[in-house]
Amino acid sequence: SEVDHYYPFYQDVHVMIFIGFGFLMTFLKKYTFSSVGLNFIIAAFAIQWSMIVNGVVHNIYEGHASQKISLGITNLITSDFAAGAVLVSFGAVLGKTTPLQMLIVVIFELLVYACNELIGAVILGAVDMGGSIFVHTFGAYFGLALSRTISRSKLNKDGSVKDHPLNGSNYTSDTFAMVGTIFLWMYWPSFNGALAEESQQHRVIINTVLALCSCCITAFFMDALLREGNKFDMVSIQNATLAGGVAVGSSSDLVIEPYGAILIGIAAGVLSVIGYVYVQPKLARIWGIDDTCGVHNLHGMPGILGAVMGGISAGQASENLYGQSIATVFPNRDPAGKAYTAGEQAGVQFAALGITLCFAIVGGILTGLIIKMPCFLPPEAKKSGCCTIGESNNRGYWYKDEHYWEVPEDEEDEEDAVDKDQILLELGLLNSSIESANARKQELEQALDTDVAIVNDAGEPVNDSNEGAPSPATKKEE
């Protein structure tokens, strides 16, 4: 039955979404509550909203918009995939948005996600079994565009990137983040193969395991090679070891041979570590892209690599390799359907990648402009304009749980590094309080200047006659 076949895979994907992604983001030393907690509510909301949006979009395309949305285990899996795309985007802006802003992001991102998936997978017929295109690439570049719209990297006088004092980890937070990495690494074959059928699922699992293993070894090797002092860095190890699962996604159900899966994993590991060591700092310095979790290195570039490898594999797929089952892998190559050739299918794969990049970047920018509206921002003295690129919440709100959570007293008492933005935020809030107090003071003074009954400390009215009446100045002092 559907439950017997799909539910075990659905549970594996569910673990990845709520535990894997949630704990992977706990590396920020003062933002662990928000990393796990907001991941929880964002994913839960995204799953429900995705069921509605995907169902409505597909019903409209099929010509029966008024029909009820049917649900099954496969719909739960595709909703988890959609939630995964949102959580990838969340990683790019982690610590820089409020809970309300992220819920608004979910609403608009999944609208764009559904339209993009409809065009690429349904209308064009692109095959993306592991979500390299429609989940990882889309989520990464949507998040990068969103991040660039609401924030911008700051530079020191020498041109180097100025790190936020709280944008860092400690021994405990990095350890918890590695727990998320291990869960994701273990369950990634289920993520790639959850919706595969028959012999496809067999290939997906083997190809994904081989790609993950080769990527893990390569990431450790490259990190020690490229880092100063030839030591491992937890940022790379937590993320780059997973890049093989992203990169092999589009071709995981194809006949790429074991050596092909291993080579894809090696390429993904090299690319991801290079991204963390060299590419991310340059993007921050030149384009001002502040990528908190480095989603460009784990999901963006490996996702594009996976899409390219999927296109190449599709172009080489022949009936000699797949036989009659080729229509199971590539539905549009069915002679009774669109009867695509191998070259046409490869072109469709690359077209889907280009369309996804356009949808993601434009959608991320527009969503960023929406969540910058004053009604979605926290209280502060100065608010950026809705159309101002690179500004949103005051940086004093960034990467701190205490703005949204009750935190233990010992955490509140710890001495943090002095942050100019935090000081400016607190001064702004104090000035706002002072202005409110002054306005109230003026109201009270005006009330005293009118014919208002004066009472003593006991609450008894005082005769306001000329004899013994206090002067106006005395009234104000009272």
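Residue numbers count from 1 along this sequence.
Residue F18 comes nearest to A43 through the heavy atom pair CE2-CB, 3.6 Å, listed as atom of the first residue, atom of the second, then distance. In plain terms, the two heavy atoms of D291 and H296 that are nearest each other are OD2-N, 3.1 Å. Across every non-hydrogen atom of S190 and V13, the tightest pair is O-CG2, 4.0 Å. Closest of all the heavy-atom pairs between C293 and F27 is SG-CE2, 3.6 Å.
By the 30° and 60° cut-offs, the orientation of the rings of F183 relative to Y187 is parallel. Relative ring orientation between W188 and H136 is described as parallel, the plane-to-plane angle staying below 30° on a 0-90° scale split at 30° and 60°.
For the atom pair N207 CG and I264 CD1, the distance stands at 7.5 Å (nearest 0.5 Å). The CG atom of D253 sits 9.5 Å away from the OG atom of S313 when rounded to the nearest 0.5 Å. Rounding to the nearest 0.5 Å places CZ of R285 at 9.5 Å from CG of L283. We find the OG1-CG distance between T341 and N332 to be 11.5 Å, quoted to the nearest 0.5 Å. Rounding to the nearest 0.5 Å gives a distance of 10.5 Å between CD1 of I77 and CD of Q11. Put simply, OG on S34 and CG on D401 are 4.0 Å apart, with the number rounded to the nearest 0.5 Å.
The environment of NE2 in H5 is crowded: more than 12 heavy-atom neighbours from other residues, nucleotides or ligands sit within 6.0 Å. When the shell of 6.0 Å around CD1 of I41 is examined, it contains 12 or fewer heavy atoms from other residues, nucleotides or ligands. When the shell of 6.0 Å around CZ of F350 is examined, it contains more than 12 heavy atoms from other residues, nucleotides or ligands. More than 12 heavy atoms of other shown residues, nucleotides or ligands fall within 6.0 angstrom of atom OH in Y340. Around CD of E62, the count of heavy atoms belonging to other residues, nucleotides or ligands within 6.0 Å exceeds 12.
With sequence neighbours left out, the side chain to side chain contact (heavy atoms under 4.5 Å, CB included) criterion links I274 to L226, V270, Y278, V279. With sequence neighbours left out, the salt bridge (Lys or Arg N to Asp or Glu O under 4.0 Å) criterion links D223 to R227. Among residues two or more places apart in sequence or in another chain, the side chain to side chain contact (heavy atoms under 4.5 Å, CB included) test is passed with S50 by N54, S79, A82, L110.
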* To do: List the steps and the verdict of side chain to side chain contact (heavy atoms under 4.5 Å, CB included) for F108 and I370.
  => CA-CA 9 Å; F108 288 98; I370 292 173; 3.8 Å; yes
* side chain to side chain contact (heavy atoms under 4.5 Å, CB included) between Y399 and K30: does it pass, once the steps are laid out? -> CA-CA 6 Å; Y399 314 121; K30 293 292 185 180; 5.7 Å; no
* Would you please test M129 and L254 for side chain to side chain contact (heavy atoms under 4.5 Å, CB included) and show each step? => CA-CA 9 Å; M129 180 58 66; L254 308 181; over 6 Å; no
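Side chain of N167 to backbone of D163: no donor-acceptor contact under 3.5 angstrom is found. In terms of modelled atom types and a separation under 3.5 Å, the side chain of S169 and the main chain of K29 share no donor-acceptor contact. A donor-acceptor contact shorter than 3.5 Å links the side chain of Q101 to the backbone of I371. With hydrogens and angles ignored, the 3.5 Å screen pairs no side-chain donor or acceptor of D290 with any backbone N or O of S153. Panel note: side chain N39, backbone I17; a donor-acceptor pair is recorded below 3.5 Å. The main-chain N or O of V93 is never found under 3.5 Å from a side-chain atom of T292 such that the two would form a donor-acceptor pair.
For residues 240-251, the side chain to side chain donor-acceptor pair (under 3.5 Å) pairs, not counting sequence neighbours, are D128-S250. Listed by first then second residue, pairs satisfying side chain to side chain donor-acceptor pair (under 3.5 Å) with a partner in residues 16-28 number zero, not counting sequence neighbours.
The closest side-chain donor-acceptor pair between D174 and Q238 falls under 3.5 angstrom. N192 and T208 form a side-chain donor-acceptor contact under 3.5 Å, judged by distance and modelled atom types alone. With no hydrogens or angles considered, a side-chain donor-acceptor pair links K96 and S147 at under 3.5 Å. Side-chain contact of T78 with N75: a donor-acceptor pair under 3.5 Å is absent, judged by distance alone.
Of the residues F138, F142, F134, W49, the one that meets the ring pair (Phe, Tyr, Trp, His ring centres under 6.0 Å) test with Y113 is F138. Among the candidates F33, Y397, Y31, the single residue satisfying the ring pair (Phe, Tyr, Trp, His ring centres under 6.0 Å) test with H403 is Y397.
Ring to ring, Y7 and Y10 are close: their centroids are under 6.0 angstrom apart.
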Would you be so kind as to tabulate the donor-acceptor pairs closer than 3.5 Å made by side chains of residues 353-365, with sequence neighbours excluded?
residue	atom	partner	partner atom	Å
T356	OG1	N116	OD1	3.3
T356	OG1	N116	ND2	3.2
T356	OG1	A352	O	2.8

